[in-house]
Amino acid sequence: MEQTTAVRPVQAVRGVQGVQASFDELGRPLRDVTFCIVDLETTGGSAAKGSMITEIGAVKVRGGEVLGEFQTLVNPQSQIPAFIAVLTGITDAMVAGAPRITSALPAFLEFARGCVVVAHNAPFDVGFLKHFCAQTGQPWPGFETLDTAVLARRVLHAGEVRNCKLGTLAAHFRATTTPTHRALDDARATVDVLHGLLERLGPVGVHTLEELGTFSSRVSPAQRRKRHLGDHLPDAPGVYVFRDARDRPLYIGTSKSLRTRVRGYFTSSETRTRMGEMVGLAVRVEGIVCATPLEAQVRELRLIGLHKPPYNRRSRFPEKVSWVKITREPWPRLSIVREVAGDGADYLGPFGRRRAAESAVAALHEAFSIRQCAGRLPKAASRAACVLAEMRACLSPCDGSASIDDYAREVERVRASVLADPSAVVEAVESKMADLSAQERFEDAGAHRDRLAAFLGAAARTQRLSALTTRAEVVAARIGDTGSWEVHVVRHGRLAASGTIPGGVDVRAWVDDLRAGAETVEHGPGPAPAASAAESELILRWLELDGLRLVEIDGPWICPVGGASRFLPRFESAAESRSALVPFDEQQRSGGWRTEHRPTRAGATA
């Protein structure tokens with residue numbers, strides 16, 4: 001049978017035009033989208049296992065009108081199984097003179113060009129089409145697809161239909177064509193099912209293709225009625241703030257497109273219960289347009305830390321971190337503190353949990369014999385030694401057993417492990433792990449492994465942060481998603497200015513103006529002196545992206561060659577599974593456990 005394409009006269013489809021009458025929404029209005037509803041008949045259930053297409057049927061519709069139909073039998077070049085022939089009515093004799101897939105498929109692809117492809121159980125039909133595109137050397141056009149079976153499960157209420165099979169849905173929506181396991185009949189029935197589903201969605205505010213693709217019935221009508229709160233926002237990167245009737249921030253987020261993301265809370269994919277509750281309380285949405293996505297992410301962190309909105313779960317308390325401090329006193333020790341002081345001491349961290357800080361301290365004590373007792377000791381200490389001295393786990397300065405010089409050398413080894421090379425800690429803890437494993441004390445060995453992972457993660461973080469925060473200024477540029485150069489000025493680990501270079505300007509003069517107007521940032525103590533560690537890590541990850549160019553840098557950018565990052569791959573899985581070191585933000589998970597990489601140029605050392 002030859003393929004045939006027919007254009008049917010314009011006809012209205014039940015209710016669709018009335019439902020989609022006059023909305024000028026963000027995205028593509030459904031009334032303007034051309035859908036190609038397709039159905040295939042095949043010799044089996046898997047193209048990868050040798051099943052072939054025996055028939056292609058398709059209907060092209062837009063705005064309730066049927067624009068054309070496509071139907072062709074396909075010669076599978078193999079015998080059709082008897083049960084398939086009985087099911088579909090397609091016999092070997094019927095397909096003997098039909099075109100092969102090599103000619104039928106290009107004809108269908110041309111028919112469907114520019115359409116959104118719709119199918120019932122789309123993975124089956126689209127999977128076959130993609131498979132034979134690859135097999136015959138046809139490029140797959142990258143169709144957007146819509147699955148009416150999935151959409152029906154989202155739209156129809158529980159118990160409304162017994163299942164979401166095409167026959168059941170066709171009967172439910174009183175389709176004009178009954179599915180018969182023939183491709184064109186089934187495609188026509190799917191058209192009526194699609195229009196029936198769209199008719200149900202119009203009254204709940206689904207009017208664009210984007211909203212249709214992410215619709216969920218879990219979004220309440222009350223939530224959808226507030227969709228106008230996002231209408232004033234631009235299609236630009238920035239930060240959005242949901243506010244209640246007393247103008248208090250409820251939730252703060254960021255997006256590359258403020259308008260699209262905020263509208264998602266009212267009309268499409270937002271199904272989290274707490275977000276529905278938040279939207280119910282919101283009376284307005286404030287948008288803060290940012291020059292670049294990185295600026296938006298930084299502003300989001302700062303605003304969440306400042307306002308602590310109740311519906312944000314991450315980054316609300318950047319001040320609630322712990323640090324391990326190597327104290328400055330006659331007999332230094334390791335102390336867990338809540339903030340970095342300007343006392344000249346060295347710090348390890350920050351840690352999201354105190355327990356992780358305690359694990360890192362335990363790893364250091366495994367390797368070094370500095371004292372573990374609390375409080376200050378005078379230079380000439382004279383008190384009884386504790387049991388650690390008897391175990392040779394402490395140099396015991398408390399009873400005068402250690403000289404100032406010997407103890408200072410031990411402290412310097414601790415400092416070197418934290419700031420430069422943790423090999424001594426790794427060797428000591430791994431040796432202990434090996435001894436415990438030999439004794440079949442595997443749980444104890446695992447506890448030591450987690451201590452080491454906590455220490456290495458914190459040491460890597462400290463070294464990464466210090467490499468950036470000790471630089472008074474770093475100016476870097478990279479081509480962003482829009483194709484324009486994004487430029488950021490970073491001072492002591494804090495984002496001081498950002499911008500996108502406009503076309504037709506003197507680039508050097510523009511960058512100089514950006515630097516001149518940047519925020520003044522004063523150096524402070526510790527690895528993250530001028531910003532939260534989360535902000536500095538965001539900046540670091542941007543600086544590590546491919547294609548970045550260093551424009552200006554104050555002095556060399558130096559990271560220790562033998563630093564902690566080189567050991568992290570051994571402990572990544574253990575650290576992640578046990579959550580020994582909790583990251584500051586879910587988006588920063590990779591930042592705390594990634595191997596060092598630094599962009600370099602003349603004058604910078606990696």
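All residue numbers in this chain count up from 1 along the given sequence.
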Worksheet entry | Pairwise side-chain contact, Thr54 with Ile84, heavy-atom cut-off 4.5 Å (strictly under) | no

Worksheet, complete the sentence: Tightest non-hydrogen contact, residues Arg188 and Val59, listed as CG-CG2, 4.0 Å

Worksheet item: Between Thr88 and Ile80, does a side-chain contact (heavy atoms from CB on, under 4.5 Å) hold up when you go through it step by step?
Response: CA-CA 10 Å; Thr88 65; Ile80 299 175; 5.7 Å; no

Worksheet entry | Ring centres under 6.0 angstrom apart (Phe242, Tyr311) | no

Worksheet item: Hey, does Thr190 have a side-chain heavy atom less than 4.5 Å from the side chain of Phe35?
Response: no

Worksheet, complete the sentence: salt bridge (charged side-chain N to carboxylate O under 4.0 Å, His left out) filter on Arg508, not counting sequence neighbours, yields Asp512, Glu552

Worksheet item: Looking at OG1 of Thr180 and CG of Leu87, how far apart are the two atoms once the value is rounded to the nearest 0.5 Å?
Response: 9.5 Å

Worksheet item: Can you find a side-chain donor-acceptor pair between Thr177 and Asp192 that sits under 3.5 Å?
Response: no

Item to complete: Kindly write out the residues that satisfy side-chain contact (heavy atoms from CB on, under 4.5 Å) with Ala291, not counting sequence neighbours, or none if the list is empty.
Response: Glu295, Ser498

Worksheet item: Can you check whether Arg263 reaches Asp231 side chain to side chain, under 4.5 Å on heavy atoms?
Response: yes

Discussion item. According to side-chain contact (heavy atoms from CB on, under 4.5 Å), who are the partners of Ser51, at least two apart in sequence or on a separate chain?
Written reply: Thr43, Phe128

Worksheet item: Measuring from Leu540:CG to Glu535:CD, what's the distance to the nearest 0.5 Å?
Response: 11.0 Å

Worksheet entry | For Leu166 against Pro179, the heavy-atom pair lying closest together | CG-CG, 3.9 Å

Fill in: All side-chain contact (heavy atoms from CB on, under 4.5 Å) counterparts of Thr136, not counting sequence neighbours
Ile101, Thr102, Leu105, Gln138

Practice prompt. Anything under 30° is parallel, anything over 60° is perpendicular, the rest tilted; go ahead and classify Phe70 against Phe111.
Written response: tilted

Worksheet item: Who passes salt bridge (charged side-chain N to carboxylate O under 4.0 Å, His left out) against Asp506, sequence neighbours left out?
Response: none

Discussion item. With a 3.5 Å distance limit and no angle check, can you tell me whether Thr72 reaches the backbone of Ile56 through a side-chain donor-acceptor pair?
Written reply: no

Practice prompt. Taking only Lys NZ, Arg NE, NH1 and NH2, and the carboxylate oxygens of Asp or Glu, determine whether Glu65 and Arg62 approach each other closer than 4.0 Å.
Written response: no

Discussion item. Please report the interatomic distance CG(Leu129) to OG1(Thr145), rounded to the nearest 0.5 Å.
Written reply: 11.0 Å

Practice prompt. Report the residues that fulfil ring pair (Phe, Tyr, Trp, His ring centres under 6.0 Å) with Trp485, sequence neighbours left out, ordered by chain and then residue number.
Written response: none

Fill in: Shortest non-hydrogen contact from Cys290 toward Arg299
SG-CD, 3.3 Å

Item to complete: Could you go through the side-chain contact (heavy atoms from CB on, under 4.5 Å) check for Thr208 and Arg28 one step at a time?
Response: CA-CA 5 Å; Thr208 69; Arg28 291 163 288 176; 5.7 Å; no

Worksheet item: Does Ser78 have any side-chain hydrogen bond (donor to acceptor under 3.5 Å, both in side chains) partners at least two apart in sequence or in another chain, and if so, which?
Response: none

Worksheet item: Do any N or O atoms from the side chain of Asp39 and from the backbone of Asp185 form a donor-acceptor pair under 3.5 angstrom?
Response: no

Discussion item. Counting only heavy atoms from other residues, nucleotides and ligands, does the tally under 6.0 Å from CZ of Arg313 exceed 12?
Written reply: no

Worksheet entry | Residue pairs involving residues 474-484 (criterion side chain to side chain donor-acceptor pair (under 3.5 Å); sequence neighbours excluded) | Lys256-Asp481

Discussion item. Please determine whether side-chain contact (heavy atoms from CB on, under 4.5 Å) holds for the pair Leu495 and Arg302, giving the CA-CA distance in whole Å, both sets of side-chain angles, and the decisive distance to 0.1 Å.
Written reply: CA-CA 11 Å; Leu495 184 64; Arg302 293 179 184 176; 4.1 Å; yes

Item to complete: Measure across Ala236 and Val289 and return the closest heavy-atom pair with its distance rounded to 0.1 Å.
Response: CB-CG1, 4.1 Å

Discussion item. If we ignore hydrogens and angles and just use 3.5 Å, is the side chain of Glu55 paired with the main-chain N or O of Arg182 as donor and acceptor?
Written reply: no

Practice prompt. Check whether any side-chain heavy atom of Leu151 lies under 4.5 Å from a side-chain heavy atom of Leu201, and answer yes or no.
Written response: yes

Fill in: His488 side chain reached by Ile539 side chain, heavy atoms, under 4.5 Å
no

Discussion item. Please enumerate all residues that pass side-chain hydrogen bond (donor to acceptor under 3.5 Å, both in side chains) together with Glu160, with sequence neighbours excluded.
Written reply: His172, Arg200

Discussion item. If we ignore hydrogens and angles and just use 3.5 Å, is the side chain of Ser536 paired with the main-chain N or O of Ala533 as donor and acceptor?
Written reply: no

Fill in: Residues that Ala149 engages under side-chain contact (heavy atoms from CB on, under 4.5 Å), provided they are two or more places apart
His120, Asn121, Asp147, Arg153

Worksheet item: If you measure from CD1 on Ile288 to OG1 on Thr254, what distance do you get to the nearest 0.5 Å?
Response: 10.0 Å

Practice prompt. State, with a plain yes or no, whether a side-chain heavy atom of Cys36 is found less than 4.5 Å away from one of Phe108.
Written response: yes

Fill in: Mutual orientation of the aromatic rings belonging to Tyr240 and Tyr251 [parallel < 30°, tilted 30-60°, perpendicular > 60°]
tilted

Practice prompt. Output yes when a side-chain donor or acceptor of Asp186 lies under 3.5 Å from a complementary backbone atom of His181, and no otherwise.
Written response: yes

Worksheet item: Can you name the residues that form a ring pair (Phe, Tyr, Trp, His ring centres under 6.0 Å) with Phe132, not counting sequence neighbours?
Response: none

Discussion item. Using side-chain heavy atoms (C-beta onward) and a distance below 4.5 Å, is Ile37 in contact with Lys60?
Written reply: no

Worksheet entry | Nearest heavy atoms of Pro139 and Cys133, plus distance in Å | O-SG, 4.5 Å

Discussion item. If you define the side chain from C-beta out and look only at heavy atoms, does anything of Leu294 sit under 4.5 Å from Gln297?
Written reply: yes

Practice prompt. Give the minimum heavy-atom separation between Ala187 and Gly57, together with the two atoms involved.
Written response: CB-O, 3.9 Å

Item to complete: Mind running side-chain contact (heavy atoms from CB on, under 4.5 Å) on Tyr265 and Leu229 for me, showing each step along the way?
Response: CA-CA 10 Å; Tyr265 287 92; Leu229 295 181; over 6 Å; no

Fill in: With sequence neighbours excluded, residues passing ring pair (Phe, Tyr, Trp, His ring centres under 6.0 Å) with Phe143
Trp140

Fill in: Reported CG-to-OG distance for the pair Asp235 and Ser255, which is rounded to 0.5 angstrom
8.5 Å

